[in-house]
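Step one of this worksheet: look at the structure below.
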Amino acid sequence: MNFFDRFAVPNPSITIYASMIAIALTVIAIIAGLTYFKKWQYVWSEWLTTVDHKRIGIMYLISALIMLFRGGADAIMMRAQTAVPDNTLLGAKEYNEIFTTHGVVMIIFMAMAFIMALMNFAIPLQIGARDVAFPRLNALSYWLYFFGAMLFNISFVIGGSPDSGWSSYFPLAGTDFSQSVGTNYYMLALQISGLGTLLTGINFITTILKMRAPGMTLMKMPMFVWSALVTNFIIVFAFPVLTVALAMGTMDRLFGTNFFTTENGGMDMLWANLFWVWGHPEVYILILPAFGIYSEIISTFARRNLYGYKSMVISMVAISLLSFLVWVHHFFTMGQGALVNSIFSVTTMVIAVPTGIKIFNWLFTLRKGKIEFTVPMLYTLGFIPIFTIGGVTGVMLAMASADYQYHNTMFLVAHFHLVIIPGVVFAMIAGLTYWWPKMFGFMLNERIGKWAFWFIAIGVCVTFFPMFISGLNGQARRMYTYSESTGFGIWNMISFVGALGLLVGFILIVYNIYYSTRYSPRNIPGDPWDARSLEWATPTPVPEYNFAVIPHVDSSEAFWDYKKKGYQLFRDPVQSIHMPNNSGLPIIIGAGFFVWGFAFVFGIWPVVILSTLFIFGCLAYRSLEKDHGHYIPVSDIEIDEQGGSVQ
Amino acid sequence: MNLRRIMMVLIFACTTILAGCQPLKVLDPKGPQARTTANVIWISIGTMAVVVLVVIAMFAYLIIKYRASKQEEDYEPPHIEGSLKLELIWTAIPVVIVAFLSVVTIISTFKVEDVPEGYSKEPLVIYASSSNWKWHFSYPNEDIETVNYLYIPTDRPVQFKLYSYGPISSFWIPQLGGQKYAMADMVNTLNLAADVPGEYSGRNANFTGEGFAEQTFSVNAVSPQEYTDWVEEVKTTADVLTKEKFGELLQPGHLGQSTFKGTHLTFSPPPENHQMGEKSTEKMDTDMNEMNMGDMEDMDHSNMSQ
């Protein structure tokens, strides 16, 4: 293929040209806007170079919301295409690209980023710390994620998107059957952002283990901190597998190795195994922080302490261990025999036990409570029944003999959407609404929020319940169309209607952000929800250093004790505070990785070599750099605290 | 128990009514393997329906009873650490449910992986190979080959040998049984049987690229006599499958149905690795020996060495 031909989109269509123009216009608008309002200096010094965990959290949040709409647009197109039989809205090639990018964007670039956003924002505050253990590494994690996501997204307009499914099974994803550069993008974008995730894992384990406030033993940590600790351990154990698998896949595609080919000793089954050895724990990387968020919200709005704290912790640890022992259930049909399948069926079903413990503990937290139906609580309560339905269908899928009939069908699609959406997406919106006042200093409108909730909750059910039926009727997933005689039409039409409901819900969320930004009152207290954990002991907006004085803790709800029992949180005198300096290096290294990845995708080796040297040069510079941070003098702290609400 | 039965009737009623009185394919089995999985699915739906009902009932009761608007202004919810007894109860109940479903799973999985029982005849062996985006069916004993359609006799087990000339595909006839992968570097064995004559739809269920949606085939289950007649007819009327012709068939694209004398197994043998832990290896070996085909000998050895 001619060198320049590879940059062209393989199957151009109006949607692609329209998005090219939209991307160009957006970029021009951002550059022009920043220049016109003279905000370059502000954006660079306050945001792009920041090492503050709260700001990094907010940048993750914005990225995740943008990716949510990118992935959501894909979803709507898929549902529209399949709404009626023999539809010609999209062709097979476009549909294949769209469902592939929908999966990757939603899992890797939306859900992961959303979790990172909330962990970054809340964890240091909840453990009474002033930042994470390695603030600059944290910024690097974000920029690796960001540039990985950008690299993945430009595939749409330069060279073509990946089209072999988010699981990218070989040999379909190999050069024999996927000639365009799409799968190269997949391999490299995931590699770059995965590297960022791995660094986050190390960073947060260290932060949680080493930087808790005095008195906060492990069993006195808020449940979200526990979930983040367990999650980051899973990240550190699971992501290296993805790194290796992607490296092998990249070498197969670009250097002609034979790891996953079907000849010369290669083994396509190996990719499926490696992918799911990472992929299944990945599911729990998404769901455990969500469980943590629900635990925080449910005890806040039931006005009660979390029921069964110890069994909550034990069940999370159990889930994290089991998550590494179930990957074969993603391909019971690969022919490993009845014995192997039976073993993995049992390990998979066993996960229902700790999950059940959590559900019942949440239910019993409601008991004798005083339940307030705020927006975060609505999502939490909506999660329980819908997730239970999604969860029990997971037990059904775990039964190998029955899975032979569910595998690769819409039944499976219904199942995992009905656990991921109420599990992860609901938790993210709930957490977003819950921590929003701490992030931005005003509340989101409750009325619009409730409307959005009902559209989303009902929309999810209407979209995904019909898929159970069409799956049992033999509709395989990933089919861009079907004939009328199959009888799938009615179910897919109902799904499409549900998807429109979801669309309305998400638009309402955006409208709510706009509306509340304009009209919400700004004089809110530091603890507007009457909550229980330490992040609410800070003034709003939270100062750079979080806590002027590091709190002392002696229960899992120290702030509640402070409010109700007169417990003394802040005992030490105010001293000058040591904080890290901002640095432009993370974004520069991230940009270096972007160039590296882009050049790698197209095999422009001189650029690959130069950018590799550049990245190592940056690392060397950082290693030799002397930067001891700065001290905030006591006088500045006292000025800040005058506006504070708590102390 | 009663509740479960009522639930099952209810769910069944709902699904069938909603499906326009047409039973869903997976739950409308036409052979022993599909019947086993359909039963497993009903057992699991029943069990899970009870779980869902209990959770939703508790949930509804709690959020109605303990909502703030129903309570005194100054009510302070108590601090309750938890209860070892209660927490053990809701650990034990799921353990019992999972144990029950595990037993069901293990028994049924071994059953559907094996040659279905209760048939006097030896299984009919058919090599089913996929290529983008077609299915090739080779009948080694009958020495015929078809594309995109199958004839199988009722009341006789059918043993499919699955492999692929392209990406991983999944061979699936919902009304006869579950699916299994067809891969380029390994032969998988799938045991099915049809009890009821009829035409059933089959397809590739695993995404294989552009033409995936239309990669379907039809299965004609006919009486043993009709089957023998069909084989004879094919042998007298069909063209011989040559290496060149097969090469043309493998080209990516869609084809209608076609029929040939001879199989591609002679000049394009299947991959040498066979499904591990296969229980019917001996049977397969006898099939192979019956076939008496020189180029198959390599495969025999690979089986014996396992």
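Fair warning: this is a prediction, and the values are worked out from it, not measured in the lab. Naming: A, B, ... by sequence-line order, numbering from 1 per chain.
Residue B:R203 touches chain A through its side chain alone, counting heavy-atom pairs closer than 4.5 Å. Only the side chain of A:E557 comes within less than 4.5 Å of a heavy atom in chain B; its backbone stays farther off. Using a 4.5 Å cut-off between heavy atoms, A:D163 touches chain B through its backbone atoms (N, CA, C, O) alone. Only the backbone of A:A302 comes within less than 4.5 Å of a heavy atom of chain B; no side-chain atom from C-beta onward does. Proximity to chain B involves both the backbone and the side chain of A:L381, based on heavy atoms less than 4.5 angstrom apart. Both the backbone and the side chain of A:Y307 come within less than 4.5 Å of a heavy atom of chain B. Residue contact with chain A, scored on non-hydrogen atoms closer than 4.5 Å, involves the backbone and the side chain of B:L101 alike. Only the side chain of A:F99 comes within less than 4.5 Å of a heavy atom in chain B; its backbone stays farther off. If you measure heavy-atom distances from B:F207 to chain A, the contacts under 4.5 Å come from both the backbone and the side chain. When heavy atoms are compared at a cutoff of 4.5 Å, A:F170 approaches chain B solely by way of its backbone atoms N, CA, C and O. If you measure heavy-atom distances from A:N361 to chain B, the contacts under 4.5 Å come from both the backbone and the side chain. Only the side chain of A:I359 comes within less than 4.5 Å of a heavy atom of chain B; its backbone N, CA, C and O stay farther away. Heavy-atom distances place no part of A:T355 under 4.5 Å from chain B, backbone and side chain included. If you measure heavy-atom distances from B:W172 to chain A, the contacts under 4.5 Å come from the side chain alone. At a 4.5 Å heavy-atom cutoff, B:N39 makes no contact with chain A through either its backbone or its side chain. Contacts between B:I107 and chain A at a heavy-atom distance below 4.5 Å are absent for every atom of the residue. Contact of A:V353 with chain B is made through backbone and side chain together, with heavy-atom distances under 4.5 Å.
With contacts defined as side-chain heavy-atom distances shorter than 4.5 Å, the pair B:T105/A:M349 qualifies. Contact annotation: the side chain of A:V346 approaches that of B:I106 to within less than 4.5 Å [non-hydrogen atoms, C-beta and beyond]. Two residues are said to be in side-chain contact when any heavy atoms from C-beta on lie closer than 4.5 Å; A:L172 and B:I168 fail this criterion.
For A:F364 against B:L86, the heavy-atom pair with the smallest separation is CE2-CD1, 3.6 Å. For B:F212 against A:M479, the heavy-atom pair with the smallest separation is CE2-CG, 3.6 Å. Taking both residues in full, the closest heavy atoms of A:S401 and B:V112 are given as CB-CG2, 4.0 Å, listed atom of the first, atom of the second, then distance. Across B:D185 and A:G266, no two heavy atoms sit closer than the pair OD2-O, 3.7 Å.
Highest contact tally toward chain B, considering only A:S345, A:A476, A:S342, is held by A:S342 [criterion: heavy-atom pairs under 4.5 Å]. When each of B:A205, B:A184, B:P94 is checked for heavy-atom pairs under 4.5 Å with chain A, B:A205 comes out on top. Highest contact tally toward chain B, considering only A:N305, A:T262, A:V392, is held by A:N305 [criterion: heavy-atom pairs under 4.5 Å]. The candidate from A:G308, A:G174, A:G369 with the greatest count of non-hydrogen atom pairs under 4.5 Å with chain B is A:G369. When each of A:H407, A:K310, A:R477, A:R303 is checked for heavy-atom pairs under 4.5 Å with chain B, A:H407 comes out on top. If you tally non-hydrogen atom pairs under 4.5 Å between each of A:Q475, A:M269, A:M267 and chain B, the highest count goes to A:M269. Note on A:L366, A:L472, A:T486, A:T388: by heavy-atom pairs under 4.5 Å with chain B, the leading option is A:L472.
The structure places CZ of A:R478 at 7.5 Å from CG of B:N206, a figure rounded to the nearest 0.5 Å. How far CD of A:Q405 is from CD of B:Q175: 9.5 Å, rounded to the nearest 0.5 Å. In this structure, A:N473 CG and B:L27 CG are separated by 9.0 Å, a value rounded to the nearest 0.5 Å.
Ring geometry for B:Y181 versus A:Y169: interplanar angle over 60°, hence perpendicular rather than tilted (30 to 60°).
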Open item on the list: Could you go through A:F177 and B:E210, starting from their C-alpha distance and side-chain angles, then the distance that decides it, and tell me whether this counts as side chain to side chain contact (heavy atoms under 4.5 Å, CB included)?
Closed with: CA-CA 10 Å; A:F177 298 102; B:E210 196 187 342; over 6 Å; no
Open item on the list: Walk me through whether A:T393 and B:M48 qualify under side chain to side chain contact (heavy atoms under 4.5 Å, CB included).
Closed with: CA-CA 8 Å; A:T393 55; B:M48 291 298 122; over 6 Å; no
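Remark: A:T348 pairs with A:V326, A:H329, A:A398 by the side-chain contact (heavy atoms from CB on, under 4.5 Å) rule, at least two apart or across chains.
Side-chain atoms of A:Y480 and B:E214 include a donor-acceptor pair closer than 3.5 Å.
Each salt bridge (Lys or Arg N to Asp or Glu O under 4.0 Å) pair with one or both residues in residues 75-90 of chain B, not counting sequence neighbours, appears once here: A:K564-B:E76.
Checked by atom type and distance alone, the side chain of A:K370 never pairs as donor or acceptor with a backbone atom of B:Q71 at under 3.5 Å.
Remark: of the listed residues B:E113, B:Q179, B:Q33, B:E113 is the sole one forming a side-chain hydrogen bond (donor to acceptor under 3.5 Å, both in side chains) with A:Y404.
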